[in-house]
Amino acid sequence: MDYRVLSSVSKSITPFSLLLLLYIFPAAETAANMTYKAFNLPTITFEEGYSPLFSDFNIERSPDDRSFRLLLNKFSGSGVISTEYYNYGFFSARIKLPAIYTAGIVVAFYTSNADTFEKNHDELDIEFLGNVNGQPWRFQTNMYGNGSVSRGREERYRMWFDPSKDFHQYSILWTPKNIIFYIDETPLREINRHPAMGGDFPAKPMALYATIWDASSWATNGGKAKVDYKYEPFATELKDLVLEGCIVDPSEQIPSTNCTDRNAKLLAQDYSNITPERRNNMKFFRERYMYYSYCYDNLRYPVPPPECVIVQSERDLFRDSGRLRQKMKFGGSHSHTQSHRKHRPGRSSRRRNKVAGGASKSGRRGSAAAAM
């Protein structure tokens, strides 16, 4: 609660009304009440759940260890990984993205097991794609299952707010039955497990990653607008860290606790099912801010993948390429082509710090193809 607002209205209300307001809007942001704002989950410290992935000299932890910053400069990007792997879970953080000039920058918040299952890995991505001055941040979600890198399931969107001004909550729900991507309490995308998906539904233990890195070769205008290091360091900050799920050994896949009970508890949570109100919000978001969907890309997928639910109101917005029939009004042209391959530090970097040979070689390479 912003008490400057209370102060500005206190002159026009009675003392009783002011006390009532203070009762309704208690001071929640105290050290004694570290709860996740949207879904009321307990948060953890960095030490309780994370370790450096690469370039720990570009990772800044707060004095209370409940938030951290990832930096990108001309020497390197940076990244962290959860210290455990999970057999399904809810992964979340409040994130504030870099400001000013962000062309060529990618910030990624994602789950993966590529370090353990190199040829048949699973992955769930939220990737933020920087942009030139005056243009909004864009982002994408993606799903890979069982090494289906050639069959990425990506969707791309534009932001409806400036993610560099305030923190927003970004969450990935992954259960045996469904996957939901959230911003705050708004579901952006739901993937329900379909029997025909087979191994394409992520099912092996995954860790949680967060990275910032130089993607000048593709991220903005097909690589035409690159990272400008006169604005360095570029920083993204994460706090209110949530790692909920059943911890497993990724190599043996033996649960350290009873995952059946943990997964049942996960499926019973409020965030595991989309309420009618949230579904209406998701519908509004997708019809207004989504500018590419693989489900409507008939050139790549003449027959939509089995998990796709074709919504006619969405279908009417897209061409056979999965791109919008009309350009979105971003405040400028966002027409460009993106093509790149994935790369991330190997398993050996999980337990030790790694200095990359340059910022352009640090972090990970996401999964954007031709975008509008």
Looking at T175 and L267, would you say the former's side chain and the latter's main chain have a donor-acceptor pair under 3.5 Å? no
Lys NZ or Arg CZ of R323 over Y292 ring: under 6.0 Å, within 45°: no
Heavy-atom closest pair, residues Y101 and A225: OH-CB, 4.2 Å
How far does CZ of R94 sit from CG of D166, to the nearest 0.5 angstrom? 8.5 Å
Does P304 reach the side chain of Y301, with side-chain heavy atoms less than 4.5 Å apart? no
For N281 and E277, does a side-chain donor sit closer than 3.5 Å to a side-chain acceptor? no
Heavy-atom donor-acceptor pair, W174 side chain to F91 backbone, under 3.5 Å: no
Should I212 and I95 be counted in the same cluster of Ile, Leu, Val, Met, Phe, Trp and Tyr side chains packed under 4.5 Å apart? yes
Let me see the working for T141 and Y157 under side-chain hydrogen bond (donor to acceptor under 3.5 Å, both in side chains), right down to the final yes or no. CA-CA 9 Å; T141 62; Y157 329 86; 2.7 Å; yes
For the residue pair S272 / Q269, report whether a side-chain donor-acceptor contact shorter than 3.5 Å exists. no
Check against ring pair (Phe, Tyr, Trp, His ring centres under 6.0 Å), Y170 and F128: CA-CA 11 Å; Y170 303 91; F128 306 97; 4.9 Å; yes
Would you say I183 ends up clustered with L124 if hydrophobic residues are merged whenever their side chains have heavy atoms under 4.5 Å apart, either directly or through other cluster members? yes
Among R325, Q326, E287, whose side-chain contact (heavy atoms from CB on, under 4.5 Å) with L317 holds? E287
Check for me whether K204 meets the cation-pi criterion with F117, that is, NZ or CZ under 6.0 Å from the six-membered ring centre and within 45 degrees of the ring axis. yes
Whether the Q169 and Y182 side chains hold a donor-acceptor pair (N or O, under 3.5 Å, no angle test) is what I'd like checked. no
Output yes when a side-chain donor or acceptor of S78 lies under 3.5 Å from a complementary backbone atom of I59, and no otherwise. no
Just by distance, do the side chain of R66 and the backbone of D240 share a donor-acceptor pair under 3.5 Å? no
With a 6.0 Å cut-off on ring centres, are F39 and Y271 close enough? yes
As an exercise, state the distance from CG of D228 to CZ of F234, rounded to the nearest 0.5 Å. 6.5 Å
With a sphere of 6.0 Å drawn around NZ of K177, does it hold more than 12 non-hydrogen atoms of other residues, nucleotides or ligands? no
For residues P42 and V242, report the shortest heavy-atom separation together with the two atoms involved. O-CG2, 4.0 Å
Trace of the side chain to side chain contact (heavy atoms under 4.5 Å, CB included) decision for L173 with I179: CA-CA 5 Å; L173 170 76; I179 295 162; over 6 Å; no
Could you walk me through whether L97 and T102 pass side chain to side chain contact (heavy atoms under 4.5 Å, CB included), step by step? CA-CA 9 Å; L97 297 177; T102 59; over 6 Å; no
Are side-chain heavy atoms of M143 and P202 found at a separation under 4.5 Å? yes
Is there a side chain to side chain contact (heavy atoms under 4.5 Å, CB included) between N87 and N263? Walk through the geometry before answering. CA-CA 8 Å; N87 181 16; N263 290 339; 4.3 Å; yes
Distance-minimising heavy-atom pair for F285 and R158: CE1-O, 4.4 Å
Mark yes or no for whether D320, through its side chain, and D297, through its backbone, hold a donor-acceptor pair below 3.5 Å. no
Find the distance between OG1 (T236) and CZ (R69) and round it off to the nearest 0.5 Å. 9.5 Å
Any donor-acceptor N/O pair, S55 side chain to F57 backbone, under 3.5 Å: no
Using a 4.5 Å cut-off on heavy atoms from C-beta on, say whether the side chain of R278 contacts that of N273. no
Kindly indicate whether the side chain of Y86, heavy atoms from C-beta on, has any atom under 4.5 Å from the side chain of V248. no
Please tell me if the side chains of V107 and F139 come closer than 4.5 Å, counting only heavy atoms from C-beta onward. no
Under a plain distance cut-off of 3.5 Å, with no hydrogens placed, do N142 and D125 share a side-chain donor-acceptor pair? no
Checking the side chain of N113 only, and the main-chain atoms of D122 only, is there a donor and an acceptor separated by less than 3.5 Å? yes
Distance col, row K265:NZ vs C246:SG, nearest 0.5 angstrom, shows 11.5 Å
Contact check, side chains of E314 and M290, non-hydrogen atoms, under 4.5 Å: yes
Compute the ring centroids of Y209 and Y110, then answer whether they are less than 6.0 Å apart. yes
Smallest separation among heavy atoms of E244 and R262, with atom names: OE1-NH2, 4.2 Å
Report yes if the side chains of L70 and V80 come closer than 4.5 Å at any heavy-atom pair, otherwise no. yes
Please check this pair: side chain of N73 against backbone of S76, looking for a donor-acceptor N/O pair closer than 3.5 Å. yes
I191 reachable from V309 in the ILVMFWY side-chain graph, under 4.5 Å edges: no
Sub-3.5 Å donor-acceptor pair from the side chain of D56 to the main-chain atoms of P52, do we have one? no
Heavy-atom closest pair (E237 atom, S67 atom, distance to 0.1 Å) is OE2-OG, 3.9 Å
So, Q140 versus E154: side-chain donor-acceptor pair below 3.5 Å or not? no
In this structure, CD of E123 is separated from CG of N146 (nearest 0.5 Å) by 13.5 Å
Do the side-chain N and O atoms of D184 and T186 include a donor-acceptor pair separated by under 3.5 angstrom? no
Would a hydrophobic clustering, with Ile, Leu, Val, Met, Phe, Trp and Tyr connected at side-chain separations under 4.5 Å, put I310 with M282? yes
Are I100 and M159 grouped together when hydrophobic residues (ILVMFWY) are joined by side-chain heavy atoms under 4.5 angstrom apart? yes
I274 and E190: CA distance, side-chain angles, deciding distance, side chain to side chain contact (heavy atoms under 4.5 Å, CB included) verdict: CA-CA 9 Å; I274 301 179; E190 179 183 32; 3.7 Å; yes
Does F167 have K239 sitting over its ring (NZ/CZ under 6.0 Å from centre, angle to axis within 45°)? yes
Does the side chain of F90 reach to within under 4.5 Å of the side chain of I172, using non-hydrogen atoms? no
Report yes or no: does R193 contribute a side-chain atom to a donor-acceptor pair with the main-chain N or O of M197 at less than 3.5 Å? no
Is E155 salt-bridged to R286, going by a charged N under 4.0 Å from an acidic O? yes
Which heavy-atom pair separates L72 from D214 by the least distance, and what is that distance? CD1-N, 4.0 Å
Which distance, rounded to the nearest 0.5 Å, do you find between the CD of E48 and the CG of L241? 9.5 Å
For a side-chain contact (heavy atoms from CB on, under 4.5 Å) with Y50, tell me which candidate from L208, T45, I81 qualifies. L208
Relative to each other, are the rings of Y289 and W160 parallel, tilted or perpendicular (30° and 60° limits)? tilted
